[in-house]
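Working notes, beginning with the structure itself.
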Amino acid sequence: MDSIVKLMQTDEEIMSTFRTIKQLRPHLIEDDFLEKIKRMQATYGYHLVAVIEDDEVKAAAGYRVTESLAWGKYFYVDDLITDEESRRKGYAKVLWDWLIEQAKINDCEQFHLDSGVHRYDAHRFYLKGGLDITCHHFQMSL
């Protein structure tokens with residue numbers, strides 16, 4: 001596999017991830033995507049990365065390095081998806097290893113992500129990748 005993990009920074013790079021990210025977040029609207037990513041980058045320190053092979057996005061992730069009283073300094077993965085046509089080819093593992101390494105480089109004490117209860121394949125991947133299920137996440141739409 002001749003793929004690279006790349007920080008997506010230019011407008012063109014960010015937009016190249018839309019098709020893949022939308023598979024995880026189907027509510028997203030393409031015309032709003034760039035503005036939303038840039039706002040999250042400026043406000044919350046959001047980083048968008050992708051596994052690129054043959055100039056195509058094979059997997060993408062969004063993450064933040066942040067801090068809380070409960071977890072100390074931690075690495076939070078907001079979004080993590082492999083393009084549906086590229087699954088089971090090792091791209092998720094490439095991205096996963098890169099994310100874990102970034103958490104270590106940033107001196108994070110913990111690595112966190114939330115996952116929808118219906119994403120069983122993802123849960124198997126996360127458990128195999130060393131994560132534990134440590135809490136329930138509750139929400140309310142407002």
Side-chain angles (χ1 to χ4, degrees), residues 1 3-68 70-142:
M1 184 184 324
S3 57
I4 61 163
V5 178
K6 180 176 176 144
L7 183 62
M8 307 306 269
Q9 296 179 297
T10 69
D11 293 0
E12 182 179 273
E13 290 169 343
I14 291 168
M15 288 308 297
S16 73
T17 68
F18 179 77
R19 189 180 72 80
T20 301
I21 295 284
K22 186 163 176 73
Q23 293 169 32
L24 178 65
R25 310 283 183 225
H27 63 279
L28 292 176
I29 298 167
E30 189 169 7
D31 289 343
D32 300 334
F33 186 67
L34 181 63
E35 179 184 338
K36 186 177 291 262
I37 294 294
K38 288 188 168 220
R39 184 174 56 248
M40 290 177 4
Q41 287 172 331
T43 306
Y44 304 109
Y46 182 87
H47 301 274
L48 181 61
V49 296
V51 176
I52 307 293
E53 185 175 274
D54 298 327
D55 295 322
E56 291 183 16
V57 173
K58 300 297 185 176
Y63 71 90
R64 300 173 277 139
V65 174
T66 189
E67 190 170 13
S68 73
W71 299 331
K73 186 176 182 184
Y74 67 98
F75 193 95
Y76 188 83
V77 178
D78 289 277
D79 312 291
L80 178 58
I81 186 76
T82 300
D83 179 74
E84 57 195 16
E85 296 173 13
S86 300
R87 293 190 180 149
R88 304 198 192 289
K89 297 180 182 174
Y91 299 114
K93 178 79 165 96
V94 168
L95 189 51
W96 183 260
D97 290 347
W98 189 91
L99 291 167
I100 296 291
E101 184 62 25
Q102 291 304 303
K104 291 175 182 177
I105 288 169
N106 282 278
D107 295 320
C108 292
E109 299 170 52
Q110 297 187 21
F111 184 98
H112 287 258
L113 63 77
D114 288 320
S115 181
V117 296
H118 63 285
R119 298 192 66 228
Y120 305 112
D121 288 341
H123 301 163
R124 280 190 290 277
F125 179 82
Y126 302 147
L127 291 167
K128 185 178 176 184
L131 295 188
D132 295 317
I133 300 171
T134 59
C135 67
H136 293 284
H137 178 92
F138 296 90
Q139 79 162 48
M140 174 191 307
S141 294
L142 302 175

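In this text the structure is predicted, and so the values were computed from the model without any measurement.
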Checklist outcome for this item: So side chain to side chain donor-acceptor pair (under 3.5 Å) across residues 57-68, not counting sequence neighbours, yields E56-K58, R64-D78
Interatomic distance, [X] atom [atom1] to [Y] atom [atom2] [nearest 0.5 angstrom]:
X   : Y   : atom1 : atom2 : value
E12 : I14 : CD    : CD1   : 11.0 Å
L48 : F18 : CG    : CZ    : 12.5 Å
Q9  : K38 : CD    : NZ    : 10.0 Å
W98 : L7  : CH2   : CG    : 6.5 Å
T10 : M8  : OG1   : CE    : 7.0 Å
L34 : K36 : CG    : NZ    : 12.0 Å

Which atom of [X] lies closest to which atom of [Y], heavy atoms considered:
X   : Y   : result
A50 : T17 : CB-CG2, 4.2 Å
Y91 : S86 : CD1-O, 3.2 Å
L80 : V77 : CB-CG1, 3.9 Å
V57 : S16 : CG2-O, 3.4 Å
T82 : T20 : C-CG2, 4.3 Å
V5  : V51 : CG2-CG2, 4.1 Å

Next on the checklist: Would you call the rings of W96 and F111 parallel, tilted or perpendicular, taking 30° and 60° as the class edges?
Outcome noted: perpendicular
Checklist entry - Step by step, would you call Q41 with I37 a side-chain contact (heavy atoms from CB on, under 4.5 Å)? => result CA-CA 6 Å; Q41 287 172 331; I37 294 294; 3.8 Å; yes
Got more than 12 heavy atoms from elsewhere within 6.0 Å of [atom1], [X]?
X   : atom1 : value
K22 : NZ    : yes
D54 : CG    : no
K73 : NZ    : yes

Next on the checklist: Quick check against the 3.5 Å criterion: does N106 have a side-chain atom that pairs as donor or acceptor with the backbone of C108?
Outcome noted: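 Side chain of N106 to backbone of C108: no pair is present.
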Checklist entry - Just by modelled atom types, is the E84 backbone N or O under 3.5 Å from a matching donor or acceptor in the Q23 side chain? => result yes
Checklist entry - Looking at side-chain heavy atoms only, is the closest gap between M15 and F33 below 4.5 Å? => result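 Heavy-atom side-chain distance check passes, below 4.5 Å.
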Next on the checklist: Between I105 and F75, is there a side-chain heavy-atom distance shorter than 4.5 Å?
Outcome noted: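 No, side chains not in contact.
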